[in-house]
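Presented below is the structure to which this report refers.
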Amino acid sequence: MTGTLITVAPTGAELDKADHPQLPTTLDELVATAVDCEAAGASLIHLHLRDTEHRPTLDGGYLRAAVEAVRETTDLVVQLSTGGSVHDPLSQRLTVLDADPDSCSLTCGTTNFGDDVFLNPWGFMSDLYVLAQEREVVPEFEIFDLGHVWSMRRLLDRHGLPFGGRVHVDLVTGVPGGMPGTPQAVMAAVQALPPEVTSWSATGIGRAHLPVLATALAAGGHLRVGMEDNVMYAKDREVSGNAELVARAATFAELMQRPPLSCEETRALLAVKDRRRAPSL
Ligand code: KMH
Ligand code: ZN
């Protein structure tokens, strides 16, 4: 069994800065979070951007600035969300790849998302997948429900393997409308994954956070943590920041004899293209 890829999803598109002042929403806060989380054991960062009013944005200027700043200050694999917020139009979600990330999320189907709908019709998934192949960006297949596994199968059948040839899946459990954050749901999805899958991680939203983390570690999966998915460290105690969640995940991983992967190991695991600037002599 290998070490553990720890992804941090520090911000998301759903929480309000006013309710969670420690949520990293400015570029400076994002960079500081990225640096702290890398030191704590993360090797991949899943980014959503916020504008000057701390509202979710897919504006290319914000996306590019964040990709460049995180790449400049850390060795983390930089993944941009193409999910955005439930209010973002599909056409704008496709423009995310213009910011030249190492990786992008690719959700494998429409799902109810609380009172909203997170829209991912087949045509959008298919266009995004082919665009990622053309731009040499490694997709992370986001599975919110069991049926999404079959949509991923359909993408692979129709378009072949992603750039780099590795197939990395993230099971997002506990969204109201998706599969529950239980060991049983995680294992049902894992057992349904096609043979092309080379690695998988899992996250549990809210109180599913720890049970899903423990299940993934025990079953040979990798971890995703962060304030996008969970803001509670314990009952009645909110997290001080993202690094605290990464540090706890790293401790669990160490205890399970699957220590955190370095950024270089994660780059190899996912076969991302190296877009970092060569150091000047
Ligand atoms: N914010 C959610 C509607 C992704 O990043 O690709 C979608 C999401 C998934 O967070
Ligand atoms: Zn996201």
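Numbering of ligands and ligand atoms starts at 1, following listing order.
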Stepwise ring pair (Phe, Tyr, Trp, His ring centres under 6.0 Å) test for F163 and Y129: CA-CA 10 Å; F163 171 76; Y129 187 59; over 10 Å; no
Nearest-0.5 Å distance, CG of residue L49 to CG of residue L80: 7.0 Å
Metal check, the Zn ion (ligand 2) vs E228 N/O/S, cut-off below 2.8 Å: yes
For atom 6 (O) of ligand 1, closest protein heavy-atom neighbour: S105 OG, 2.6 Å
Carboxylate-amine/guanidinium contact D100 R64, below 4.0 Å: no
Parallel, tilted or perpendicular: ring planes of H159 versus W122, cut at 30 and 60 degrees: parallel
Ligand-residue contact atoms, ligand 1 with V86, heavy atoms, under 4.0 Å: 3 (C)
Within reach of ligand 1, part of E142 (heavy-atom separation under 4.0 Å): neither
Verdict with reasoning, L47 to Q79, per side chain to side chain contact (heavy atoms under 4.5 Å, CB included): CA-CA 6 Å; L47 289 176; Q79 179 182 93; over 6 Å; no
Identity and distance of the protein heavy atom lying nearest atom 10 (O) of ligand 1: E228 OE2, 2.9 Å
Residue E14 vicinity, atoms of ligand 1 by number, heavy atom under 4.0 Å: 1 (N), 2 (C), 3 (C)
Cation over ring face, R50 and Y62, 6.0 Å, 45°: no
Ligand 1 N/O within reach of G83 N/O, cut-off under 3.5 Å: yes
Ring geometry between H48 and H46 (parallel below 30°, tilted from 30 to 60°, perpendicular above 60°): perpendicular
Closest to atom 1 (N) of ligand 1 among A13, S85, G84 (heavy-atom distance): G84
Under 4.0 Å to a heavy atom of H48 - the qualifying atoms of ligand 1, by number: 1 (N), 5 (O), 10 (O)
Flag if over 12 foreign heavy atoms under 6.0 Å of CG, D157: yes
Minimum-distance protein heavy atom relative to atom 4 (C) of ligand 1: S81 OG, 3.3 Å
Taking atom 7 (C) of ligand 1 as the reference point, the nearest protein heavy atom with its distance: F118 CZ, 3.4 Å
